[in-house]
Number of protein chains: 2
Amino acid sequence: MSTTPTKPLRIGEVAEMLGTTPRTIRYYEEIGLLPDAQEREQGKHRCYTDTDVERVREIMRLRDLLGLTLEEVSALLEAEDARAQLRREIRETEDPAEIRRILEQALGHIANQLELVRHRRRELEQLESELVAKRRSIHKRLGELDA
Amino acid sequence: MSTTPTKPLRIGEVAEMLGTTPRTIRYYEEIGLLPDAQEREQGKHRCYTDTDVERVREIMRLRDLLGLTLEEVSALLEAEDARAQLRREIRETEDPAEIRRILEQALGHIANQLELVRHRRRELEQLESELVAKRRSIHKRLGELDA
DNA sequence: CTGCTACCTTACGTTTACGTAAACTTCTGA
DNA sequence: TCAGAAGTTTACGTAAACGTAAGGTAGCAG
């Protein structure tokens, strides 16, 4: 997945890629949504991998599409965190029971997200069909106007 | 306003029906999203018809599902406003050309809303399928763990 | 080395969408 | 009629999610 050693990105580049601002990314780091990348020394420039970029994109998507607060996003993203942790632990041939526990936990978090997403989608579909009905009604009246 | 003479509701009832607060409804009125119902005299209680309730519900839905600001909602709801205006004008057997103009305008606003809704829905579906993929991947790894 | 640009930290400012409090009034059931 | 619940106006408060400005630094091109 992240096995491709891509050139590290600076905060401005990441921001532009995602249609946001450096301030927003720093803010996410500030509130703990993003890890202080690469144990940076004070004053040094932040640099990001494309895995980091994906995480920011995911944050913004959950925020926008589900209308979650950043705190709620933080809770939901525990699944990603668990998977990341898993990748680290797997390298050390960890106890299979522990691996199973982590996987099952991630599964639970993903189920939560899916529930939210599907609920939202149903609501949107409802709204969409109401709009279509309205449009049809108007078209009908326009037709009657011609008669 | 509506043809069914339902018992007028007070602000607290409306709020509870919609899972919100009186303050929110007053706020919507304050910023012009809701008309100051029924040319109320200073200090008298507000009262609402079920048409009014529907409007508030619609506002909240657009706000939540599409993530719009109240100002943006206001712009989108011009379609409803046009339809309401239409109903008034139709009673006075207005010029058919004018009616057609209003209808076509409402049609445009509804098309706007539909575009927004559909775009959102597609994004949600994308997110949903990614989640399903992740889940499948985890299940697969759990299966391998058993082997 | 020099200069320029993007970045860093700190800290206060801003907008949206209400929450909350106070002092008073309108309604409604007994 | 009258008490108490619910409503009204006015006005200040607030939380989330950044924006913005100031004063200094890192990093790279030449």
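Every chain is numbered from 1 and lettered A, B, ... according to where its sequence line falls, protein lines coming before strand lines. As the structure is a prediction and not an experimental result, all values here were calculated from the model.
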* Under 4.0 Å between a side-chain N or O of A:Arg63 and OP1 or OP2 of D:dA17? -> no

* For D:dG19, does either OP1 or OP2 sit under 4.0 Å from a side-chain N or O belonging to A:Tyr27? -> no

* Just by protein heavy atoms under 4.0 Å, how would nucleotides 24-30 of chain C read 5' to 3' in B, S and -? -> --BS---

* **Intermediate values then yes/no, side chain to side chain contact (heavy atoms under 4.5 Å, CB included), A:Arg23 and A:Glu30** => CA-CA 10 Å; A:Arg23 171 61 169 131; A:Glu30 188 182 329; 3.5 Å; yes

* Side chains of A:Asp52 and A:Val14: closer than 4.5 Å at any heavy-atom pair? -> no

* Nearest whole angstrom, please: distance from the P of D:dA15 to the CD of A:Glu72. => 17 Å

* Distance below 4.0 Å between A:Arg26 side-chain N/O and C:dT9 OP1 or OP2 -> no

* Donor-acceptor pair between A:Gln105 and A:Arg101 side chains, under 3.5 angstrom -> yes

* Would you mind reading off the distance between B:Glu29 atom CD and C:dA17 atom P, rounded to a whole angstrom? => 17 Å

* Whole angstrom is fine here: how far is it from CD in B:Glu41 over to P in D:dT9? => 12 Å

* Asked: What does B:Leu70 touch in the nucleic acid at a heavy-atom separation under 4.0 angstrom: a base, only the sugar-phosphate, or nothing?
  -> sugar-phosphate

* **Qualifying residue, where the test is side chain to side chain contact (heavy atoms under 4.5 Å, CB included) with A:Leu76 and the options are A:Leu116, A:Ile110, A:Ile59** => A:Leu116

* To do: Could you check B:Val73 against B:Leu66 for side chain to side chain contact (heavy atoms under 4.5 Å, CB included), going step by step and ending with a plain yes or no?
  => CA-CA 9 Å; B:Val73 169; B:Leu66 299 186; over 6 Å; no

* Please report, rounded to the nearest Å, how far the C1' atom of D:dG7 is from the CD atom of B:Glu13. => 12 Å

* Structure fact -> Rounded to whole Å, OH of B:Tyr28 lies from P of C:dC18 at a distance of 4 Å

* Asked: For the helix from C:dC1-D:dG30 to C:dA30-D:dT1, what is the angle between the axes at its two ends, each from 5 pairs, rounded to 10°?
  -> 30°

* So, are B:Arg46 and B:Glu29 salt-bridged, with charged N and O less than 4.0 Å apart? -> yes

* Is the phosphate of C:dT15, meaning OP1 or OP2, less than 4.0 Å from a side-chain N or O of B:Thr69? -> no

* Between A:Ala106 and A:Ala82, which heavy-atom pair has the shortest distance, and what is it? -> CB-CB, 4.5 Å

* **Rounded distance in Å - CG (A:Asp64) to C1' (D:dC18)** => 13 Å

* side chain to side chain contact (heavy atoms under 4.5 Å, CB included) between B:His119 and B:Leu124, worked out -> CA-CA 9 Å; B:His119 183 244; B:Leu124 266 179; over 6 Å; no

* Asked: To the nearest Å, how far apart are A:Glu30 CD and C:dA11 P?
  -> 11 Å

* Asked: Does A:Arg23 put a side-chain nitrogen or oxygen below 4.0 Å from OP1 or OP2 of C:dC12?
  -> no

* Structure fact -> With the side chain defined as heavy atoms from C-beta on, B:Thr21 is closest, among C:dT9, D:dG19, C:dG19, to C:dG19

* Given side chains that start at C-beta, do those of B:Tyr28 and B:Met60 come closer than 4.5 Å, heavy atoms only? -> yes

* Asked: Any side-chain heavy atom of A:Tyr48 within less than 4.5 Å of one from A:Val56?
  -> no

* A:Ile11 CD1 - D:dA26 C1' separation (whole Å) -> 14 Å

* Side-chain N or O of A:Arg46 less than 4.0 angstrom from OP1 or OP2 on D:dT25? -> no

